[in-house]
Amino acid sequence: MDKDVKHAKRMVVILFFACLCISLLCFGISAYLVRTETADPFLVELSKGTGILFMVLGFGYLAAVLISSAGRKKVSGDGGSAAAENGSMTLDETNMRRALERYIPDGETLLAGIHAVAIETAVNSLFGECLCLEDRLIPHPDGGTYALNKKKYSDHSVYIGITPHFLVMTDCGKESYYYQWDKIEKKSDVCETDVHYVTKEILLADIGRCFPLEDIQSCDIRSGWLGSKKCHITMKNGSYLKLMFPKLGGLGGGMPHHSEYRDVIMARLSGGNEIIC
């Protein structure tokens, strides 16, 4: 099991016993005040209420750990079948590699991959000589040139991978994005080198999965809550990814190299320079 998970469990146990001790102390003060003839009823009720509050808080911490442990055992025990029924994947390195390899260009090798949270994404692309159907693009010599803006503003789990020349991203669960299409009437309105001419069928779900590192205009990495890192990547064409790299990765120790791989990805995105947060 990951060292960070063990550390978190120890902290919860310490908090549980701390809350329990404070609760018993408050109950003891309340009992003492009741025996005192001049005791203020308000102080008695305040001590009693505080004791109940810390008692509930302590058992709340304990319940959270038990539920989390039960969830990890269920995921590892059934091979992720429950997650699959909900349209998601079990978060582990095997599934991550399988999911990312689908989008890795030929000749590239996955250097590192982690589970992350996409907070907001917006992908801009230009496609030429194609027809736009409900869920895909198909090549057509008489088709038009389209500008696509693929967006998602809600938090969702993703796998993030890095190769020597590309950043790769795919959803851990079912894809759900907002697509906006604009037909370009004049070719002079766009740069010819930015247009991707469609030569074979392209699913909309496969767009915005692979980004050349040389297209990254800026990458801002800052510290977040609980040891996480917030990463805001902006591309030269206006696309952007707002990501959160958690300190822990996966459930039940399914991604034991998360911390190591996270450092590799952040260093690569920052151009190899030292990250200052």
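In this chain, numbering begins with 1 at the start of the sequence shown. The analysis underlying the following values was restricted to heavy atoms, covering all of them including side chains, and did not include hydrogens, waters or symmetry mates. All figures in this text were calculated on a predicted structure; none of them were measured in a lab.
- Both Leu46 and Ile29 are members of a single hydrophobic cluster when ILVMFWY side chains are connected at heavy-atom separations under 4.5 Å.
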Full working for side-chain hydrogen bond (donor to acceptor under 3.5 Å, both in side chains) between Glu93 and His257: CA-CA 8 Å; Glu93 290 184 2; His257 302 96; 3.0 Å; yes
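- Between Val158 and Met169, the closest heavy-atom pair is CB-CG, 4.1 Å.
- Residues Ser228 and Trp225 approach most closely at OG-O, 2.8 Å, considering heavy atoms.
- Donor-acceptor pairing under 3.5 Å is recorded for the side chains of His165 and Glu108.
- Atom CZ of Phe166 and atom OH of Tyr103 lie 15.5 Å apart (nearest 0.5 Å).
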Working for side-chain hydrogen bond (donor to acceptor under 3.5 Å, both in side chains), residues Lys242 and Thr121: CA-CA 6 Å; Lys242 292 183 180 180; Thr121 61; over 6 Å; no
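- The closest side-chain donor-acceptor pair between Thr145 and Lys183, if any, does not fall under 3.5 angstrom.
- Between the Ser23 side chain and the Cys19 main chain, no donor and acceptor come within less than 3.5 Å of each other.
- The residues Asp171 and Arg209 are annotated as salt-bridged, a charged nitrogen and a carboxylate oxygen being separated by less than 4.0 angstrom.
- Under the 4.5 Å side-chain contact rule for hydrophobic residues, Val198 and Leu131 do not share a cluster.
- Nearest approach of Pro164 to Leu111, heavy atoms of both residues: N-CD1, 3.8 Å.
- Closest non-hydrogen pair, Gly227 versus Lys247, comes out as O-CB, 3.8 Å.
- The closest side-chain donor-acceptor pair between Tyr240 and Glu120 falls under 3.5 angstrom.
- Both Phe211 and Leu243 are members of a single hydrophobic cluster when ILVMFWY side chains are connected at heavy-atom separations under 4.5 Å.
- The hydrophobic clustering, which links ILVMFWY residues whose side-chain heavy atoms are closer than 4.5 Å, places Val117 and Tyr153 apart.
- Cation-pi geometry between Lys229 and Phe245 is not satisfied (NZ or CZ under 6.0 Å from the ring centre, within 45° of the ring normal).
- Here the straight-line distance linking atom CD1 of Ile202 with atom CG of Leu133 works out to 12.0 Å at 0.5 Å rounding.
- The shortest distance between side-chain heavy atoms of Cys172 and His115 falls below 4.5 Å.
- What you find for Ile114 and Tyr261 is that their closest heavy atoms are CG2-CB, 3.6 Å.
- Checked by atom type, the side-chain pair Asp182/Tyr146 shows no donor-acceptor distance below 3.5 Å.
- In this structure, CG on Leu269 lies 11.5 Å from OG on Ser218, to the nearest 0.5 angstrom.
- Residues His140 and Glu129 have side chains not in contact (no heavy-atom distance under 4.5 Å, counting atoms from C-beta outward).
- Remark: Lys230 NZ is loosely packed, at most 12 non-hydrogen atoms of other residues, nucleotides or ligands lying under 6.0 Å away.
- Atoms CZ and OG1, from Phe27 and Thr50 in turn, are 9.5 Å apart once rounded to the nearest 0.5 Å.
- Hydrophobic clustering of Ile, Leu, Val, Met, Phe, Trp and Tyr side chains at less than 4.5 Å, counting indirect connections, unites Ile221 with Leu167.
- None of Leu100, Leu110, Ile162, Ile160 except one satisfies the side chain to side chain contact (heavy atoms under 4.5 Å, CB included) rule with Val168; the exception is Leu100.
- Residues Ile233 and Asp220 have side chains not in contact (no heavy-atom distance under 4.5 Å, counting atoms from C-beta outward).
- Looking only at side-chain heavy atoms (C-beta outward), Ile216 and Thr234 stay at 4.5 Å or farther from each other.
- Between the side chains of Asn124 and Asn149, at least one donor-acceptor pair of N or O atoms lies under 3.5 Å.
- Summarising the geometry, atom CG belonging to Leu148 is positioned 8.0 Å from atom SG belonging to Cys132; distances are rounded to the nearest 0.5 Å.
- For the pair Trp181/Leu204, a side-chain contact is recorded, criterion being any heavy-atom separation below 4.5 Å from C-beta on.
- Looking only at distances, a side-chain donor or acceptor of Ser270 sits under 3.5 Å from a matching main-chain atom of Met266.
- The two residues Leu137 and Cys130 make their nearest non-hydrogen contact at CD2-SG, 4.3 Å.
- For the pair Lys150 and Tyr179, the cation does not sit on the ring face, since its NZ or CZ is not both under 6.0 Å from the ring centre and inside 45° of the axis.
- Side-chain atoms of Tyr177 and His156, non-hydrogen and from C-beta on, do get closer than 4.5 Å to each other.
- His196 and Ser125 are not linked by any side-chain donor-acceptor pair at a separation below 3.5 angstrom, with hydrogens and angles left out of the test.
- Between Arg102 and Asp206, at least one side-chain nitrogen of the basic residue sits less than 4.0 Å from a carboxylate oxygen of the acidic one, meeting the salt-bridge criterion.
- Judged by distance alone, the side chain of His258 and the main-chain N or O of Pro246 form a donor-acceptor pair under 3.5 Å.
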